Trainee: 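One structure, as structure tokens, below. Some questions next.
Scope of the values below: all heavy atoms of this structure, side chains included, with no hydrogens, waters or symmetry mates. What you see is a predicted model; the values in this text were computed from it and never measured.
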Amino acid sequence: MVKVMRLLQFTDSAFPVGTFSFSNGLETASFERIVTDSKTLKDFVRSQSHQAAYSDGVAALLSHRAFLKGDIIRCQEIDQYLYGFKMNEEARQMSTRMGKKLSELSVKLYEDKLIKEWLDAINKNRTPGMYPIAQGIIFACAGISEQELFCSHQYGVINMVLGAALRCVKVSHYDTQLILEELSGEVESHYKEASGMGLNDMNAFYPELDILASLHEKGNMRMFMN
């Protein structure tokens, strides 16, 4: 029961790492009239979910496994690889900002030598401190399984965009909950594939999302912290 409570705690949108402050490019997609209703929103969120599953999700799983082996150096290697994998600066900034917040919080929650080493490496600029790596580390430290980690990761990506949609797309809470319900049913198949992937297998080929991210990075449409 304690592990379930921890899983709920780490997945809650109120968990203070700043996920509520970002829209993953939805502002620009809405402004450009690409996402205008529940159908186009579902397509957009599904793309975000797929892209995250086979990039950030893979990195989180590999970090979880490395931490359980006591290999914090491997966590740093995965972190640096993921940082280079991101195509736009805003995505890197978002992930490192949230990753550092989560790492700082992890040190407060757990008396663990490896977590302290991880945060020290971030503070000394030896590693970027990406959010999925921090997720893998704190979930492993809390005794939460990698399957539950992946579920939490996917829930966070989907819910981050849906939460933003309520503020900049003409959709209701009913619409967003229906989308969440449908996309949640796809997470298990994503995990089955992602769990067998290594760093060199990571892929995130959704060029439309990268173009929107580039426009968002230099645009004037700002409803959230970035």
Side-chain angles (χ1 to χ4, degrees), residues 10-11 15 17-19 21-25 47-106 114-115 117-141 144 146-158 160-161 187 190-191 193-207 209-210 212-214 216-217 226:
F10 299 156
T11 307
F15 195 57
V17 294
T19 56
S21 301
F22 300 94
S23 73
N24 269 10
S47 296
Q48 292 280 5
S49 169
H50 287 192
Q51 186 182 62
Y54 303 123
S55 54
D56 289 1
V58 174
L61 292 174
L62 294 175
S63 301
H64 186 279
R65 295 167 190 169
F67 187 85
L68 289 178
K69 294 177 181 177
D71 193 349
I72 205 68
I73 299 301
R74 177 60 176 163
C75 290
Q76 292 179 37
E77 292 172 354
I78 299 166
D79 188 42
Q80 290 157 7
Y81 188 96
L82 182 61
Y83 185 84
F85 190 84
K86 296 290 183 183
M87 291 188 66
N88 63 85
E89 177 58 32
E90 193 165 86
R92 291 192 289 268
Q93 184 185 71
M94 177 182 77
S95 190
T96 52
R97 186 176 293 175
M98 288 164 49
K100 187 173 183 180
K101 286 288 186 184
L102 180 55
S103 301
E104 290 171 343
L105 187 54
S106 301
L114 288 179
I115 286 184
E117 287 182 19
W118 166 250
L119 180 59
D120 186 59
I122 295 173
N123 289 332
K124 292 181 178 177
N125 296 318
R126 293 200 299 265
T127 197
M130 303 287 278
Y131 184 62
I133 316 305
Q135 280 185 302
I137 288 173
I138 190 173
F139 275 65
C141 187
I144 301 172
E146 67 170 58
Q147 292 93 334
E148 292 163 327
L149 160 65
F150 191 84
C151 180
S152 176
H153 163 264
Q154 281 282 285
Y155 178 86
V157 171
I158 294 168
M160 181 193 303
V161 182
V187 172
H190 294 336
Y191 170 74
E193 186 171 353
S195 62
M197 295 169 63
L199 289 179
N200 292 332
D201 301 314
M202 284 168 47
N203 62 84
F205 189 69
Y206 281 84
L209 296 182
D210 293 317
L212 286 171
S214 298
H216 186 260
E217 192 173 320
N226 58 72

Trainee: Of all heavy-atom pairs between E146 and L61, which one has the smallest distance, and what is that distance?
Mentor: O-CD2, 3.5 Å
Trainee: Rounded to the nearest 0.5 Å, what's the gap from CZ on R97 to CZ on R92? Could you check?
Mentor: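 Answer for the CZ-CZ pair, R97 versus R92, is 14.0 Å.
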Trainee: If I take atom CD from residue E77 and atom CG from residue L62, how far apart are they, to the nearest 0.5 angstrom?
Mentor: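 Separation between the atoms: 11.5 Å.
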Trainee: Between N203 (side chain) and D201 (backbone), is there a donor-acceptor pair under 3.5 Å?
Mentor: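 Confirmed, N203 side chain pairs with D201 backbone.
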Trainee: Where is the tightest heavy-atom contact between T96 and P128, given as atom of each residue plus distance?
Mentor: CG2-O, 3.7 Å
Trainee: Answer whether the closest heavy-atom distance between the side chains of R65 and S195 falls below 4.5 Å.
Mentor: yes
Trainee: In terms of relative ring orientation, are H190 and Y54 parallel, tilted or perpendicular, with 30° and 60° separating the classes?
Mentor: perpendicular
Trainee: Report yes or no: does D79 contribute a side-chain atom to a donor-acceptor pair with the main-chain N or O of M130 at less than 3.5 Å?
Mentor: yes
Trainee: Do you know the tightest heavy-atom contact between L149 and I144?
Mentor: N-CG2, 4.4 Å
Trainee: For side chain to side chain contact (heavy atoms under 4.5 Å, CB included), just list the numbers for I158 and Q48, CA-CA rounded to whole Å, side-chain angles, deciding distance to a tenth of an Å, and then say yes or no.
Mentor: CA-CA 7 Å; I158 294 168; Q48 292 280 5; over 6 Å; no
Trainee: Nearest heavy-atom pair of S152 and T11: which atoms, and what distance?
Mentor: OG-OG1, 2.6 Å
Trainee: Between D120 and R126, does a salt bridge (charged side-chain N to carboxylate O under 4.0 Å, His left out) hold up when you go through it step by step?
Mentor: CA-CA 9 Å; D120 186 59; R126 293 200 299 265; 3.5 Å; yes
Trainee: When rounded to the nearest 0.5 angstrom, what distance separates CG in N88 from CE in M94?
Mentor: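 These two atoms lie 8.5 Å from each other.
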Trainee: From Q135 CD over to M98 CE, what is the distance, rounded to the nearest 0.5 angstrom?
Mentor: 7.0 Å
Trainee: Considering non-hydrogen atoms only, spot the tightest contact between V157 and A52 and give its length.
Mentor: CG2-CB, 3.8 Å
Trainee: So Q76 and W118, do their side chains get closer than 4.5 Å, heavy atoms only?
Mentor: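 W118 vs Q76: side chains touch.
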Trainee: Taking it one step at a time, do F10 and L102 satisfy side chain to side chain contact (heavy atoms under 4.5 Å, CB included)?
Mentor: CA-CA 10 Å; F10 299 156; L102 180 55; 5.8 Å; no
Trainee: Taking S103 for its side chain and G99 for its backbone only, find out whether a donor-acceptor pair lies under 3.5 Å.
Mentor: yes
Trainee: Show your reasoning for whether side chain to side chain contact (heavy atoms under 4.5 Å, CB included) applies to R74 and F67.
Mentor: CA-CA 8 Å; R74 177 60 176 163; F67 187 85; over 6 Å; no
Trainee: Check whether any side-chain heavy atom of D56 lies under 4.5 Å from a side-chain heavy atom of K86, and answer yes or no.
Mentor: yes
Trainee: Could you check whether the rings of F150 and H153 sit parallel, tilted or perpendicular, using 30° and 60° as the cut-offs?
Mentor: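 Correct class here is tilted.
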Trainee: Within the structure provided, determine whether I122 and E104 are in side-chain contact (heavy-atom separation under 4.5 Å).
Mentor: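 I122 vs E104: side chains apart.
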Trainee: CD1 of I72 to CD1 of I137: how many Å apart, nearest 0.5 Å?
Mentor: 4.0 Å
Trainee: Might you point out which heavy atoms bring C75 and S63 nearest each other, and give the distance in Å?
Mentor: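 Closest heavy-atom pair between C75 and S63: SG-O, 3.7 Å.
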